[in-house]
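Values below: every heavy atom of this structure, side chains too, minus hydrogens, waters and symmetry copies. Chain identifiers are assigned alphabetically (A, B, ...) following the order of the sequence lines, protein sequences preceding nucleic acid strands; residue numbering begins at 1 within each chain.
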Amino acid sequence: MAATQTQSTPISLTPQRQPVSNRARFWIAFRRNRVALVGLAIVILLGLGAVFAPYIAPYDPIEPHYTARLAPPGGEFLLGTDELGRDLFSRLLYGARISLVIGFIAQGVALVIGMTLGMVAGWYGGWIDDLIMRTTDVFFAIPGLMFLIVWVTIFEPGPISIFLALGLIGWPGEARMMRSQVLGIKELDYVLAARALGAPAWRIMAQHILPNALAPMIVLATLGIAGVILSEATLSFLGLGIQIPTPSWGTMVQFGKNYLPTGQWWYAVIPGLTIMITVLGFNFLGDGLRDALDPTLYE
Amino acid sequence: MTLYIIRRLVQVIPTMLGIFTVLFILAYLMPGDPVRSVLGEEYKRLSPEVVEGVREQLGLNDPFLVRYVKFLGQMARLDLGKSFILKQDVWDIIGYRLPRTLQLMAGGMFVALIIGLPAGIIAAEKQYTWIDHVLMVIALLGVSMPVFWLALLGQMLFTQDKYGIALFPVAGYEQGSLIHMVLPSLILGTNLSATIARVTRSSMLEVRGMDFITTARAKGLPYRVVLLRHQLRNALIPIITVVALDIGYLLGGSIVTETIFNWPGLGRAIVPAIQRQDTPVILGILVFGAFLFVVINLLTDLIYALVNPRIRYA
């Protein structure tokens with residue numbers, strides 16, 4: 001991108017710029033990206049909201065208020081209430097815990113599986129590579145949402161089974177990316193040097209390849225969290241995810257949709273909006289990280 | 001080229017075998033008693049011996065490996081079995097529902113391309129201007145929108161006069177009439193249009209810096225010709241990849257869209273099949289979905305090889 005901008009630099013007469021460390025360079029690039037900063041702010045706010053939910057939430061998320069059923073936003077209940085008179089704002093805050101925990105853990109599972117398999121495939125090559133990459137194809141081909149639906153009928157749709165399932169179906173992209181990273185890095189001189197010194201394969205992988213392959217994996221993981229949160233919400237919306245009374249955003253939309261025709265729009269619209277803002281936050285952040293970690297974009 | 005095609009075709013075999021294995025294990029682990037599903041109401045009235053007989057007849061008492069091998073044999077004969085509940089061949093169910101799902105997917109794809117391609121081209125041409133920024137933020141918004149929520153919003157705003165305008169019917173299929181297709185297609189296509197816009201932008205930018213574009217411009221070719229015939233055509237490969245990979249996504253998205261819009265496609269069939277433990281239908285649709293994905297990927301690869309000789313001889 002922007003190849004035309006980096007042609008011939010005139011000799012500068014001012015003193016040479018201090019060499020910049022990678023970390024500083026990353027921060028300079030990231031800070032300039034307003035969209036990425038917005039994403040970071042969204043993620044941090046959500047994280048704080050989830051962690052401090054018991055202190056911030058004005059009401060108990062499960063406690064009904066029968067005198068204030070389906071109260072509109074504003075007034076006593078900031079974002080209105082549901083059919084049992086439960087405070088939507090409090091439920092959204094507690095729902096953030098579920099969404100974020102599933103997002104991070106499921107993506108973590110996918111990342112660990114994907115990176116391990118991708119690294120082994122890329123490093124050893126040959127039939128091991130073939131075996132792993134064909135397995136990757138298999139998991140790529142299975143329609144994700146259908147797999148999830150079948151999975152939760154086999155194992156109870158609790159948080160653990162859901163993040164396991166999302167992790168199991170989510171790793172192929174990570175594995176492919178890791179493999180292509182390793183294929184590039186393993187030809188570099190410092191890896192050759194480590195081999196010449198007789199370092200065992202596992203140490204080369206852990207100490208030399210892993211740290212240098214990390215940047216694109218971080219980007220992929222950030223965007224992956226967005227995808228996982230969306231999948232969990234979809235599953236919950238279909239009634240197959242986190243079960244009531246635990247507040248989950250997708251489930252709230254599922255119940256809220258019944259009140260759309262009767263005019264209580266906030267019940268379905270606000271939780272949906274929350275999902276969108278959350279996913280958007282991670283997407284903004286991931287995009288910003290991608291640009292900031294890309295050394296070719298730095299002038 | 002022939003060698004490449006053969007090599008690529010042979011690769012499909014282990015992939016399909018892997019898919020069969022994973023899906024069979026899933027189906028094997030499904031809870032509940034299939035005999036109960038098969039017999040329905042009669043289950044309670046029949047004697048345990050008869051029930052046992054049915055179980056034996058269905059091969060449900062066979063050990064795991066025997067059932068697995070039988071299942072592979074079935075797949076090799078392209079036999080998807082019969083629905084436990086509808087007593088219908090699974091192929092007939094797919095044959096009835098697939099065209100409807102494909103119709104919806106085609107609608108979604110059409111929407112995605114008609115929005116995504118121009119948006120991506122314009123953003124690339126106006127790189128780093130406010131137009132580019134606005135388009136790309138909108139695209140990220142589109143990617144982040146939950147399909148089910150968007151569908152509900154669409155229904156709220158465009159199917160009744162209370163909050164919006166009654167432009168389209170709320171749901172239904174009605175022999176696939178165009179007016180019933182508009183809203184579900186729009187909903188299904190939104191996410192994908194955003195993805196296509198992003199890929200188109202970056203791909204167009206990448207091609208723009210290349211020498212043959214400069215040459216084309218230097219020759220004095222009109223802007224339009226350079227943009228569409230030289231630049232876009234060469235930028236198409238990554239776009240095609242994304243489109244091909246997202247066919248699977250469309251299939252998944254169709255579950256939600258079909259459920260909300262009561263569209264009689266494959267996605268609408270799998271949810272009740274799971275609730276009724278109709279294993280042959282579940283397995284059949286999953287196998288078919290995965291197979292579709294593999295075939296589309298194969299075709300994409302072959303098209304690349306046809307277009308780009310470097311891949312053929314790699």
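Taking the centre of each ring, A/Tyr267 and A/Phe255 stay at or above the 6.0 Å mark.
When heavy atoms are compared at a cutoff of 4.5 Å, A/Phe155 approaches chain B solely by way of its side chain, counted from C-beta outward. With a 4.5 angstrom heavy-atom cutoff, B/Leu23 touches chain A only via side-chain atoms. Proximity to chain B (any heavy atom under 4.5 Å) is shown, for A/Ala226, by neither the backbone nor the side chain. Proximity to chain B involves both the backbone and the side chain of A/Leu273, based on heavy atoms less than 4.5 angstrom apart. Contact annotation for A/Asp130: neither backbone nor side-chain heavy atoms come within less than 4.5 Å of a heavy atom of chain B. Contact annotation for B/Arg208: neither backbone nor side-chain heavy atoms come within less than 4.5 Å of a heavy atom of chain A. In this structure, chain B has a heavy atom under 4.5 Å from the side chain of A/Phe139, while its backbone stays farther away. Looking at B/Met145, both its backbone and its side chain come within 4.5 Å of chain A, counting heavy atoms on both sides. The contact between B/Gln11 and chain A is made by backbone and side chain atoms together, counting heavy-atom distances below 4.5 Å. Of the two parts of A/Val269, the backbone and the side chain both hold a non-hydrogen atom closer than 4.5 Å to a non-hydrogen atom of chain B. Contact annotation for B/Ile260: only side-chain heavy atoms (C-beta onward) come within less than 4.5 Å of a heavy atom of chain A. Interface residue B/Leu153: only side-chain heavy atoms are found under 4.5 Å from chain A.
Ring orientation note: the planes of B/Phe288 and B/Phe291 are tilted relative to one another, at an angle of 30° to 60°.
Considering only heavy-atom pairs separated by less than 4.5 Å from chain A, the leading option among B/Val22, B/Val294, B/Ile270, B/Ile255 is B/Ile255. Heavy-atom pairs under 4.5 Å with chain B were tallied for A/Thr135, A/Val35, A/Asp287, A/Leu148; the largest tally goes to A/Asp287. Chosen from B/Leu140, B/Leu286, B/Leu152, B/Ile274, the residue pairing most often with chain A at heavy-atom distances under 4.5 Å is B/Leu140. Between chain B and the options A/Asp137, A/Thr278, A/Asn283, A/Leu145, the largest number of non-hydrogen pairs under 4.5 Å is found for A/Asn283.
Between the CG atom of A/Leu260 and the OG1 atom of A/Thr262 there is a distance of 8.0 Å, given to the nearest 0.5 Å. Taking OG1 from A/Thr222 and CG from A/Leu285, the interatomic distance works out to 5.5 Å, rounded to the nearest 0.5 Å.
Paired with B/Leu266 under the rule side chain to side chain contact (heavy atoms under 4.5 Å, CB included), one option of B/Val281, B/Leu292, B/Ile93, B/Thr101 passes, and it is B/Thr101. When each of A/Thr234, A/Leu280, A/Leu230 is tested with A/Ile275 by the rule side chain to side chain contact (heavy atoms under 4.5 Å, CB included), just one qualifies, namely A/Leu230.
Within 6.0 Å of the CZ atom in B/Phe158, the count of heavy atoms belonging to other residues, nucleotides or ligands does not exceed 12.
Taking each heavy atom of A/Trp249 and A/Ser99 in turn, the nearest pair found is CE3-OG, 3.3 Å.
Side chain of A/Glu174 to main chain of A/Ala110: no donor-acceptor pair is present (N/O by atom type, distance under 3.5 Å, no hydrogens or angles).
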B/Asp301 vs B/Arg8, test: salt bridge (Lys or Arg N to Asp or Glu O under 4.0 Å). Steps then yes/no. CA-CA 8 Å; B/Asp301 277 5; B/Arg8 201 55 194 74; 2.7 Å; yes

